[in-house]
> 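Structure incoming, see below.
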Amino acid sequence: MNTRFAIFTAALALAALPAAAQDLPDLGGRTIHAVTENAYYPLNFAGPDGEGIGLEYDVINEVAKRLNAKVEWDLTAWDVMIESVRNGQFDIGADGITITEEREEQIDFTDPFITVEQYFLVRVDEDRITGPESFAENTDLLFGAQAGTSSFYTAIYDVLDGDEANPRVKTFDSFGAAVQAVKSGDVDAVIADQAASAGYIGADPGAFKQAGAAIKSDPFGFILTPGSDLVEPVNAALAQLREEGWLDERINYWFFEYAAE
């Protein structure tokens with residue numbers, strides 16, 4: 001039997017068991033106000049009809065369904081997302097947010113729903129970049145990054161010298177804009193997870209490639225207002241999704257199958 005199909009059918013069978021759902025808290029039809037950016041393929045982005053789709057949409061919608069809650073989605077820019085959730089404007093935020101000690105001092109996180117590896121994404125004809133050391137040593141090379149993201153901090157702290165004002169990192173309003181700067185030659189690389197890399201490589205054949213081995217692995221979680229009563233219910237639902245294989249099936253779909261459709 002095809003392994004992917006086996007995982008999928010097993011998840012369906014487990015999801016049909018009523019006892020599992022009964023173990024979760026019942027939020028009594030409560031509305032959960034969620035926010036994302038729609039700029040982080042394949043976690044959150046605008047589909048062909050303009051509606052938001054992606055792994056994070058699927059996970060939060062399914063979590064809410066199992067907790068007997070509804071979801072209202074909104075959009076905001078990355079640079080204000082953490083603060084907007086921290087001050088209670090939204091209940092939960094999703095934007096490929098890496099769980100870090102610094103962020104945990106400002107905001108509550110769920111348990112990780114996925115851990116992703118970060119790579120160099122470069123032009124297809126780029127041969128100077130083979131890993132962090134080659135990039136750091138060649139002072140002609142420039143990074144593109146969206147300020148305040150894990151891509152930015154990985155470039156600064158895991159590849160360069162730890163100086164957040166390092167002029168070798170050019171910042172952009174969105175990750176997509178940074179990728180386009182690579183294509184145009186304005187910068188030489190961005191740091192992207194394997195799914196984003198595969199998406200851009202597949203969407204623009206002959207333009208990009210992934211260079212070198214993984215630089216690091218990042219656990220992604222959803223952010224919630226500090227002290228939120230949603231932390232435990234959402235974590236319980238995530239655990240159920242993980243145990244059933246539902247998370248693996250959706251990760252497989254969005255990271256590998258969606259782009260091939």
Side-chain angles (χ1 to χ4, degrees), residues 37 39-45 54-55 78 95-104 112-221 248 251-252 254-256 258-260:
E37 188 185 13
Y40 200 147
Y41 176 95
L43 300 181
N44 60 80
F45 61 105
L55 176 63
W78 162 252
D95 200 20
I97 305 174
T98 304
I99 301 171
T100 66
E101 291 184 4
E102 181 181 14
R103 287 175 179 161
E104 285 181 316
F113 66 94
I114 189 174
T115 298
V116 299
E117 293 181 326
Q118 302 286 341
Y119 294 87
F120 287 104
L121 181 67
V122 302
R123 290 183 296 279
V124 73
D125 59 354
E126 176 61 67
D127 58 9
R128 297 166 295 173
I129 302 170
T130 57
E133 186 173 305
S134 63
F135 192 100
E137 290 178 349
N138 188 338
T139 56
D140 291 333
L141 297 173
L142 301 176
F143 270 122
Q146 185 180 13
T149 64
S150 59
S151 177
F152 174 84
Y153 292 118
T154 299
I156 293 293
Y157 291 102
D158 294 278
V159 180
L160 300 176
D161 57 3
D163 178 5
E164 294 186 14
N166 192 313
R168 293 182 60 191
V169 180
K170 306 299 182 184
T171 58
F172 296 85
D173 290 338
S174 69
F175 179 74
V179 173
Q180 288 307 306
V182 173
K183 182 178 180 179
S184 66
D186 294 329
V187 298
D188 302 293
V190 296
I191 293 175
D193 64 65
Q194 63 268 43
S197 293
Y200 281 102
I201 291 169
D204 199 347
F208 304 106
K209 68 179 181 181
Q210 191 172 280
I215 301 167
K216 64 183 296 189
S217 294
D218 286 330
F220 287 175
D248 286 340
I251 290 169
N252 185 70
W254 286 111
F255 276 58
F256 303 107
Y258 175 79

> At their closest point, which heavy atom of Asp161 faces which heavy atom of Asp163, and how far apart are they?
OD1-N, 3.0 Å
> Quick one: does any side-chain atom of Ser134 pair with a main-chain N or O of Ile129 as donor and acceptor, under 3.5 Å?
no
> Counting N and O atoms only, with roles assigned by atom type, does the side chain of Asn44 sit under 3.5 Å from a partner on the main chain of Ala39, one being a donor and the other an acceptor?
yes
> Counting C-beta onward and ignoring hydrogens, is there a side-chain heavy-atom pair between Ser197 and Phe208 closer than 4.5 Å?
no
> So which atom in Leu142 and which in Pro167 form the shortest heavy-atom distance, rounded to 0.1 Å?
CD2-O, 4.2 Å
> For Gly148, does its backbone N or O pair with a side-chain atom of Gln146 as donor and acceptor, under 3.5 Å?
no
> Rounded to the nearest 0.5 Å, what separates atom CG in Asn252 from atom CG in Leu55?
11.0 Å
> Closest heavy-atom contact between Pro112 and Ile99?
CG-CD1, 3.8 Å
> At what distance, to the nearest 0.5 angstrom, does CZ of Phe45 lie from CZ of Phe175?
14.0 Å
> Measuring only between side-chain heavy atoms, which start at C-beta, is Leu121 closer than 4.5 Å to Val182?
no
> Rounded to the nearest 0.5 Å, how far does CG of Asn166 lie from CD1 of Ile156?
5.0 Å
> Between the main-chain N or O of Glu126 and the side-chain N or O of Lys209, is there a donor-acceptor pair closer than 3.5 Å?
yes
> Test Leu43 against Phe255 for side-chain contact (heavy atoms from CB on, under 4.5 Å), laying out the working first.
CA-CA 9 Å; Leu43 300 181; Phe255 276 58; 4.1 Å; yes
> How many angstroms lie between atom OG1 of Thr154 and atom CZ of Phe120, to the nearest 0.5 angstrom?
10.0 Å
> So do the side chains of Arg123 and Asp188 get within less than 4.5 Å of each other, counting heavy atoms only?
yes
> Does a sphere of radius 6.0 Å around CG in Asp173 hold more than 12 heavy atoms from other residues, nucleotides or ligands, not counting ones at 6.0 Å or beyond?
no
> Is a donor on one side and an acceptor on the other found under 3.5 Å between the side chain of Trp78 and the backbone of Glu37?
no
> Can you name the closest pair of heavy atoms from Val187 and Ala178 and give their distance?
CG2-O, 4.1 Å
> Can you tell me how far apart CD (Gln210) and CD (Glu117) are? Round to the nearest 0.5 Å.
9.0 Å
> Are side-chain heavy atoms of Ile97 and Arg103 found at a separation under 4.5 Å?
yes
> On a heavy-atom basis, which atom in Pro219 and which in Thr115 lie closest, and how many Å separate them?
CA-OG1, 3.8 Å
> Apply salt bridge (Lys or Arg N to Asp or Glu O under 4.0 Å) to the pair Lys183 and Asp204, showing each step before the final yes or no.
CA-CA 10 Å; Lys183 182 178 180 179; Asp204 199 347; 2.5 Å; yes
> Under a 4.5 Å cut-off applied to non-hydrogen side-chain atoms, are Phe220 and Asp95 in contact?
no
> Using side-chain contact (heavy atoms from CB on, under 4.5 Å), reason through Ile191 and Val159 one step at a time and then give a plain yes or no.
CA-CA 10 Å; Ile191 293 175; Val159 180; 4.2 Å; yes
> To the nearest 0.5 Å, what is the distance between OH (Tyr119) and NZ (Lys216)?
14.0 Å
> Return the minimal non-hydrogen interatomic distance between Ser150 and Thr98, and the atom names on each side.
CB-OG1, 3.2 Å
> Are the aromatic rings of Phe135 and Phe143 close, with centres under 6.0 Å apart?
yes
> Side chains of Tyr157 and Glu164: is there a donor and an acceptor less than 3.5 Å apart?
yes
